[in-house]
Amino acid sequence: MKESMRLDKYLADMGVGTRSEVKGLIKKGKIQVNGTIANDYSRKIIVGTDVIMYAGEEITYLEYEYFMLNKPAGVLSATEDKHAKTVLDLLTTSKRKDLFPVGRLDKDTEGLLLITNDGALSHALLSPKKHVDKMYYAKVEGMVTEQDVEAFAEGLQMDEEWRAMPAKLKILVQDTISEITLVIQEGKFHQVKRMFEVVGKKVIFLKRLSMGPLQLDEKLMPGEYRKLTEEELQKLKESHS
Ligand code: URA
């Protein structure tokens, strides 16, 4: 059976406005259902069958949405904040209220961030039990060595209670400022920065390149985003099922 829901919820979910704003629009006769003006905001809509129009555009109902953002430095991985700009402030084309970032990147970290309203997918990607690979690129102050590569591969002793899982460190540039990629399967607070601290080095630039099968689209400049393709979404869903 097709899902049905109230007209005001349908419009609010799709970001046409807040619940009270959309009620106002309905009362003013701005919304059409199947070609006729709808005045009753509690009227039931059959999702996928009834045609809802506002300002000359059809408002189709999407249960879940998925965006890939190239997070710029200086923006918080949160849904809202009184003072700082958040990643959701960058998503100007979708006004729906239920989107959130899947996990967090530090304020100064750039790169791949998935934004969705699919709680089950988010939960699966973040679950420590699933061991989802996350690849980072970093610039590190100090000479990263083969010894570091071995220590990361064995699993760094981070503190008395926490031994990090084995991680794949690859040296791209070995100099006073080194460049590396690192694949980790955990996602603890400041994890990459803390791992380098343990070997006496400092991360000065950090960017996430991938999460599971999802890779950052190189065409996205920091601050830019796009919807996931069907193929990307399919691979993500398969990866944790
Ligand atoms: N590790 C960090 O230290 N910071 C991030 O933002 C992500 C991983």
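We count ligands from 1, going down the list as the structure has it; atoms in each ligand are counted the same way.
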Which ligand 1 atoms does [X] reach within 4.0 Å, using its non-hydrogen atoms?
| X | answer |
| --- | --- |
| L206 | 1 (N), 2 (C), 3 (O), 4 (N), 5 (C) |
| Y136 | 7 (C), 8 (C) |
| T109 | 4 (N), 5 (C), 6 (O) |

Assess the side chains of S210 and Y136: does a donor N or O sit below 3.5 Å from an acceptor N or O?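 The answer is no; no qualifying pair exists.
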Between the side chains of S42 and D40, is a donor N or O closer than 3.5 angstrom to an acceptor N or O?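 On atom types as modelled, these side chains qualify, holding a pair under 3.5 Å.
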So which heavy atom in the protein is nearest atom 6 (O) of ligand 1, and how far is it from that ligand atom?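 Closest protein heavy atom to atom 6 (O) of ligand 1: D106 N, 2.7 Å.
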For V192, is at least one N or O under 3.5 Å away from an N or O on ligand 1?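 By distance alone, the answer is yes.
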Going by distance only, is there an N or O of R194 that falls short of 3.5 Å from an N or O of ligand 1?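 The answer is no, given that R194 and ligand 1 share no N or O pair closer than 3.5 Å.
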Measure the spacing between CG of L105 and CG of L112 and express it to the nearest 0.5 Å.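 Between atom CG of L105 and atom CG of L112 there are 8.0 Å.
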Using a 6.0 Å distance limit plus a 45 degree cone around the ring axis, check whether K207 lies over the aromatic ring of Y137.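 Relative to the ring axis of Y137, which defines the angle, K207 lies outside at least one limit.
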Does F196 have its ring centroid less than 6.0 Å away from the ring centroid of F152?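 Yes, close enough.
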